[in-house]
Each structure stands twice: as C-alpha cells, then as structure tokens.
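Note that the structure is predicted; figures quoted are calculated from it, not measured. The first residue of the sequence shown is numbered 1, and numbering continues consecutively from there.
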Amino acid sequence: MTRSLSAPPGFQPGGNKTCVESPWAKVTRPLARQTRFDTQLSTYDERAHTVDGIFAAGSPVRRWGFIETLNMDTSAVDLSRVEARQCKLLDSHNASTIGAILGVVEEARIENGQLVGRVRFDDTEEGRKAEGMVSRGALTSFSIGYSVKRWVMISQEDTGEQTWRADEWELLEVTLCAVPADTAATVRAVAPSGNDPGYQTEEDDMTRAAQPAAAAAVEPNPPATPAPDVAETRAAPAVAPEVPTPAAERTTNALTAADMRGLQRLAELAGARKEVDSWIDEGLTRDAIFDRLTERAASRQEKTAAVAGPVAHITRDEGETLRRAIESSLIMRANPGAADPQSEEGRQIRSLAADMRGFDSVLGLFSHYVQRTQGVSLSNLSKMERATLALGLNDPGLLYRAGMSTSDFSSLMANVASKRLRDAYTTATQPWRMLGRQSNSPDFKSKSVVALTGMPSFEKVLEGAEFKYGKFGDTGETYALATYGKIVPITRQALINDDLGAFDRIPSQMGRAAAELENDVVWGVFTANANLSDGVALFHATHGNVGTAGDVNETTLAEAEQKMLEQTDASGKAISGLIPQYLVVTPKRKVAAQKLLTAVQATATSGVNTFANRLTLIVEPRLKPAAGAEPWFVLGDYNVIDTFDYAYLDGQEGVYTEQRVGFEIDGLEIKGRLDFAAKAIDYRGMFRNAGT
C-alpha cells in the first residue's frame with residue numbers, strides 16, 4: 001500500500017531522538033550513508049588536485065526500524081554549503097578535528113537521479129596522502145553527511161514496515177571512505193522483510209538512539225509546516241535484527257532461533273545469505289547447511305588471506321572512538337611513557353585509555369570490543385578460542401559457535417604494533433640527512449644520477465648577434481634500491497599470556513633496526529671508499545680531497561678547507577660557495593673537535609680560534625675501523641655541489657608495514673619493509689683525513 005504522509009514537527013522515523021553527545025548547543029549530528037561508488041579515476045586532475053565522483057544515489061536503505069530513501073529532485077536538496085565553499089571533504093566523517101579535513105567540495109549537483117560533483121584536495125599532509133590513494137585507486141568510495149528537515153512516509157507494508165523519504169535535506173559534508181576490496185567487510189547485509197530482494201542494505205555510520213516512538217505517530221492530516229532540523233545522535237552499534245523464521249520451517253528443519261542466528265552470521269562470512277534461504281526451503285538440516293557454509297567460508301578466506309595491509313572499516317563515530325580508545329589502552333599498557341603528556345596527541349591517548357582501565361588483559365579488551373560492535377558475548381569461550389578470534393585466524397566453526405562475524409580487532413592490534421615500530425624508526429638519530437640529498441626512485445632498476453659540475457659562463461653578446469649555446473659538463477653515477485625487512489609475530493600464546501612486548505618492545509626494536517640499517521648504508525659510503533664512475537676511489541689524491549694524516553687541529557683543518565676551496569668544476573673553474581660546513585669524527589676525537597669549534601676570549605691574535613662556530617660537529621662511531629687509524633671527514637653544503645644521494649621507493653619513504661594472518665605461525669604477522677640505497681655522487685664537496 002502506498003500513501004504520502006508528512007511527519008509532524010520533531011518526528012523521526014523509528015522514534016524521537018535527542019542529540020545528547022553533541023558538543024555544540026542546538027546543533028545536531030547528521031545522518032550518513034555509505035555508498036560504494038567509483039570516484040571516476042579518469043576524471044582525476046593531477047595539476048588541479050581534483051576528482052569527480054558520485055556522492056550519493058536515492059536507492060532505499062534499511063535503517064533501524066524503517067526503510068529510508070532520499071528525494072533526489074533538485075528542489076529537495078539544499079546545496080548552499082557547497083555554494084558557500086563550506087562543504088568540506090572529510091576523513092571518515094570525522095568532524096571533531098581540523099586534521100581530518102582533506103579538502104573541499106568544489107561542485108555538487110543532481111544529475112540523472114544521483115548527487116554528483118567534484119572535490120579538491122588540500123595541500124596538507126592528510127590531503128596529499130588521500131589524493132595519492134585516490135590517484136592509485138586505493139580509495140574508491142564516497143559517503144555523505146546530511147541533515148533531514150522534512151520526512152514523508154511513502155508506503156507501509158502489511159507487516160507494519162514503513163518506508164520514509166527525506167523530502168527536504170541539506171548536504172553537510174562529503175567523506176572519503178577506506179573500503180576493503182570485499183564490500184561485505186564493511187556493508188553488513190540485513191535480510192529485508194518479506195521476500196522482497198530489492199532493498200539495498202548497508203550499515204549506517206550514525207544511527208538513531210533506540211527510544212520509544214510513541215510520540216511519533218503519523219497523523220492522517222498533518223500540518224503543512226515543515227519540520228525543524230532533526231536531532232540525531234551517533235549511538236552505539238546496533239545489532240542487526242534477526243530475521244524471523246516461519247514456525248513451519250523451524251519445525252521441519254529443527255532450527256532454533258540460536259541456530260538461525262549462527263547460520264546467518266556464518267552465511268555473511270561465506271557470502272551466501274541467499275543460498276541459506278534456499279537450502280532451508282529445500283529442507284536441509286542444520287548440520288548439512290553448516291557443512292556447506294563452512295566449506296564456502298574457508299575457501300573464501302583462503303583467497304583473501306594474503307591481502308596485505310590493515311583492513312579499514314567504515315563505522316560510526318562512536319565505533320571509531322572505541323577503536324581509538326582500545327588502541328590507546330594497548331599503547332599505555334605496553335609503554336606508559338609512549339604518550340607524552342606535554343603533547344596534544346599524548347594527552348588524547350591518555351584520555352582515551354582512561355576509559356578502558358577496567359579491563360585487565362588484551363583478551364578482556366577484545367571481548368568488550370565484540371560486545372560493543374556486534375552485540376555478542378564471548379563469556380562462554382576459552383582464552384584460546386578468544387585469542388583465535390582476536391587474531392582473525394581461519395576457523396569458521398568457531399565463528400559459528402560464537403555467533404559472530406569476523407572482527408577487525410586483529411587490524412587494531414597491528415595498528416598499535418605498527419605505530420610503535422614507526423615511532424621508534426622516526427626518533428632514531430640520523431644526522432647524515434643534513435649531509436646529502438634525497439632522490440627517490442620509482443622502481444628497483446639502476447638509476448643514473450647526473451652531477452652537474454661545469455656551469456657554462458656568460459659571454460658578451462654584441463648588438464644584433466646571436467646568443468651562443470652553453471653546455472654543462474657532467475658525470476654520472478648509478479645505483480639501485482635494495483629491499484630489507486623483518487617480520488614481527490603476535491601469537492595466540494602472547495595474547496593468552498598478555499605479553500605486551502608484542503605491542504611495544506619487539507616492534508620498537510624492529511623500527512630502530514630499520515633506522516640503524518639506513519645508518520649502516522649511508523656511513524658505508526664513507527668507509528667503503530668505492531670507485532666513482534671515473535674509476536678512481538671517492539677519497540683519493542687524484543680527486544684532491546685527502547689530507548696529511550693527523551688529528552683534528554687547526555693545521556689539519558686549515559688544510560682541509562684549502563683543498564676544498566681549490567676544487568674546480570669539470571671546465572676548470574672555481575666553485576663559488578664551496579666551503580667546509582660539517583666536521584664528522586669518531587668518538588675518539590669528539591673532545592678535541594669540540595674545543596676546536598668553541599669560541600674563546602683571546603688576549604692576542606695568535607690565540608684567536610678561527611674555526612669557532614663555523615662548522616657543525618657530527619660524531620659517528622661507525623667510522624671507526626676494526627683496527628688502525630681513525631679517519632675524520634669534512635663536507636660542504638650539498639646545495640652548492642652534490643655530495644651523496646639517498647633514496648627510497650616512491651610513495652614508501654621510510655619503513656613500510658604490512659600485515660597478514662600467519663601461515664608459518666599461529667598468529668598475526670606484521671612485516672616491516674625498507675627499500676633504501678645511498679651513493680656518493682661527487683667528490684668535490686667531501687674531504688677525508690686518514691687520521692693517526
């Protein structure tokens with residue numbers, strides 16, 4: 001039966017809701033609908049930093065207690081925020097921090113019954129990261145946040161289920177969603193009422209609080225005044241309503257309500273909800289259906305188990321807050337000093353972790369997480385069974401017995417371990433970065449780096465004469481990236497024993513090891529003293545960049561400065577600005593170098609320290625040989641003339657982490673990978689003294 005009934009003021013389908021968590025007075029949380037649409041990568045404009053996409057369509061969406069559609073007529077949609085350039089592109093509906101702003105919606109319009117438009121990415125770290133993922137096809141989904149000003153009930157089934165249409169709604173924001181390759185990982189199927197398969201189902205990011213709807217009865221002749229802005233709240237994840245099973249089927253197949261729930265959960269995992277309905281109609285027993293689903297689920301997980309990288313889920317804001325709270329709790333439990341109370345990030349971690357103080361173990365946090373996100377209690381499972389589920393290990397039978405779908409808790413744990421790994425990597429001391437130039441590579445092929453060493457001089461041009469062409473003198477050095485890495489395991493035993501070293505000490509050591517590997521590679525350029533493309537060693541008398549062996553003192557340092565100042569380019573011309581900038585020594589010469597570079601109050605000209613405050617001192621123990629004299633080095637500014645290059649793989653600077661469910665081990669594997677290389681490019685800005 002179809003009818004059109006306008007809602008009275010303040011009415012919301014499914015019950016009246018008041019926003020109790022909003023930090024803004026009289027400002028309500030918007031609804032959001034996730035829509036998996038391609039961002040039309042062919043429209044991506046690298047220069048303008050824009051991409052076109054489909055933001056939303058008017059297809060029916062199952063909400064809690066009713067079905068919602070959006071009126072996609074031009075007159076029904078308020079796009080004033082877009083016109084005012086106040087409609088932002090956000091990261092996963094996060095409107096609580098400016099760091100989540102990825103860009104702005106430049107254009108939006110209704111076209112062929114869909115909301116389409118163009119977004120432009122901001123020139124910020126977050127904006128550039130999102131733009132890169134879109135350009136590579138890693139992000140392909142949009143979601144919108146909107147507020148509804150007027151609802152109209154357009155139909156009511158004999159079962160009582162109503163369909164409501166948002167006839168007046170305002171676009172508040174557009175979101176980029178990190179959706180996995182398998183859409184079932186983020187869009188939970190909910191069986192529609194009756195046998196109508198036409199409804200599209202999805203998990204809405206922000207749901208209404210479950211309150212009585214007694215005051216929301218639809219009047220036969222409602223007033224024509226439009227309803228005010230709707231008050232919404234992002235409530236805790238609601239458990240999808242179970243699909244009622246006719247009594248005749250339950251009797252015939254001996255399927256209890258618990259059986260039906262378990263089969264439905266396993267069917268979601270196997271991607272076979274429709275098949276389950278047909279098997280029940282055929283009269284198959286619970287065990288027969290379970291066997292078929294187990295086989296399908298195992299096959300499906302095997303195909304996707306090798307997909308690397310954290311699995312991202314589009315969830316409600318409260319769900320995201322829960323994830324961040326658990327991550328913060330793991331960080332604080334593993335290493336309380338990891339959250340600096342003086343920094344904004346550290347204070348946020350400490351505040352979120354405080355909400356989880358009541359849980360005494362990682363498995364306790366996991367049980368709480370499943371209870372909150374899926375409405376399932378794991379109190380009847382052993383520690384080993386909960387550890388298996390927490391790690392996402394392939395056990396469809398256990399998932400069935402638990403009555404739950406797969407969880408992203410393993411990704412949450414991997415995020416914590418990966419963060420500790422990257423933190424340790426970025427905090428390691430690497431003073432060599434100021435000595436050379438970064439030059440990334442798109443692949444692992446040998447790359448040729450040209451060192452420009454002969455700048456053509458300007459010549460006088462007579463009136464009416466032609467300008468002459470100049471030519472740079474150049475030398476070329478080649479090198480290629482190499483790959484390094486290790487794997488950190490998080491095993492079931494570690495979770496059962498509540499060994500928090502899996503989240504702090506081990507990843508931290510691994511991150512530091514990656515940084516030390518870079519140190520080894522770069523300083524190895526100095527100690528190896530390999531030949532350049534001219535067939536002569538980097539530091540050699542032929543290159544004029546070696547001095548008379550001796551300790552660091554005024555005489556030997558003056559010699560180093562003289563030799564660097566006397567260097568010429570390929571055409572034999574002096575190199576302006578090429579003077580010593582850095583002094584690199586082993587620990588043995590640290591004190592002597594500090595004295596040489598420290599200003600003193602001289603009483604006579606002979607006592608003046610000519611090198612005071614002129615050079616930056618770097619102390620590096622790797623330069624000490626196994627035996628013999630310890631060398632020291634002087635370098636110029638690489639912006640004046642090349643010294644050495646260091647390179648990463650494009651898009652993966654520094655250590656890169658991936659995760660997968662382990663095959664060799666019974667747990668989760670986190671792999672740290674580093675693609676890195678370094679090579680001397682020009683000898684003129686580098687000097688070596690063999691020492692004594």
Side-chain angles (χ1 to χ4, degrees), residues 125 308-310 327-343 345-346 349-350 353 362 411-436 438 440 481-491 494 499-528 584-587 590 617-624 626 644 646-649 651-660 662 665 667-678:
E125 181 179 355
E327 287 185 5
S328 300
S329 177
L330 289 174
I331 291 173
M332 288 295 296
R333 285 163 56 85
N335 181 7
D340 181 6
Q342 303 303 319
S343 69
E345 181 183 7
I349 290 176
R350 289 173 178 268
V362 178
S411 298
L412 187 151
M413 292 189 295
N415 288 343
V416 174
S418 296
K419 184 179 187 302
R420 296 300 300 134
L421 188 157
R422 290 191 296 270
D423 287 348
Y425 167 78
T426 55
T427 55
T429 302
Q430 294 183 317
W432 49 262
R433 292 184 181 275
M434 68 179 75
L435 306 179
Q438 182 174 341
N440 290 354
L481 292 176
T483 300
Y484 310 86
K486 281 288 185 180
I487 293 176
V488 172
I490 300 179
T491 64
D499 182 4
L500 297 178
F503 301 102
D504 181 70
R505 294 189 304 276
I506 297 176
S508 295
Q509 292 172 3
M510 185 172 167
R512 185 166 184 82
E516 296 297 349
L517 183 278
E518 292 180 351
N519 290 339
D520 291 340
V521 172
V522 171
W523 293 120
V525 171
F526 291 74
T527 58
V584 186
V585 301
T586 59
K590 176 177 180 290
L617 178 63
I618 297 174
V619 181
E620 178 50 56
R622 285 176 177 78
L623 298 177
K624 179 181 178 180
F644 65 87
Y646 62 93
Y648 299 95
L649 187 65
Q652 296 186 11
E653 296 183 11
V655 65
Y656 182 79
T657 60
E658 296 176 308
Q659 74 172 72
R660 72 167 185 174
I665 66 165
L668 183 69
E669 296 177 347
I670 302 170
K671 180 173 66 177
R673 187 180 70 236
L674 181 67
D675 302 309
F676 184 73

Let's go through Val522 and Phe676 carefully: what are the C-alpha distance in whole Å and the side-chain angles of both, what is the deciding distance for side-chain contact (heavy atoms from CB on, under 4.5 Å) to 0.1 Å, and is it a yes or a no?
CA-CA 10 Å; Val522 171; Phe676 184 73; 3.9 Å; yes
Pair Leu649-Tyr656, side-chain contact (heavy atoms from CB on, under 4.5 Å): steps then yes or no
CA-CA 10 Å; Leu649 187 65; Tyr656 182 79; over 6 Å; no
Go through Lys419 and Glu327 one step at a time and tell me if the side-chain contact (heavy atoms from CB on, under 4.5 Å) criterion holds.
CA-CA 10 Å; Lys419 184 179 187 302; Glu327 287 185 5; over 6 Å; no
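A pairwise comparison of heavy atoms in Pro431 and Ile618 identifies CG-CG2, 3.8 Å as the closest pair. Ala482 approaches Ala677 most closely through the heavy-atom pair N-CB, 4.5 Å. What you find for Arg660 and Leu668 is that their closest heavy atoms are O-CD1, 3.4 Å. Closest approach of Asn519 to Thr429, counting heavy atoms only: ND2-O, 3.5 Å. Contact detail for Met510 and Gly672: the closest heavy-atom pair is CE-N, 2.9 Å. Taking each heavy atom of Ser508 and Ala424 in turn, the nearest pair found is O-CB, 3.2 Å.
The OG atom of Ser418 sits 10.5 Å away from atom CG of Asp423, with the distance rounded to the nearest 0.5 Å. Here the straight-line distance linking atom CZ of Arg420 with atom CD1 of Ile670 works out to 13.0 Å at 0.5 Å rounding. Here the straight-line distance linking atom OG1 of Thr657 with atom CZ of Arg673 works out to 9.5 Å at 0.5 Å rounding. In this structure, Leu674 CG and Glu518 CD are separated by 5.0 Å, a value rounded to the nearest 0.5 Å. Rounded to the nearest 0.5 angstrom, Phe526 CZ and Arg622 CZ are separated by 13.0 Å. Rounded to the nearest 0.5 Å, atoms CD (Glu620) and OG1 (Thr527) are 10.0 Å apart.
With sequence neighbours left out, Tyr646 forms a side chain to side chain donor-acceptor pair (under 3.5 Å) with no residue at all. Partners of Arg512 under the salt bridge (Lys or Arg N to Asp or Glu O under 4.0 Å) rule, at least two apart in sequence or in another chain, are Glu516.
Between the side chain of Gln430 and the backbone N or O of Ala515, at least one donor-acceptor pair lies under 3.5 Å. A distance-only check finds a donor-acceptor pair linking the side chain of Asn440 to the backbone of Tyr648 [under 3.5 Å].
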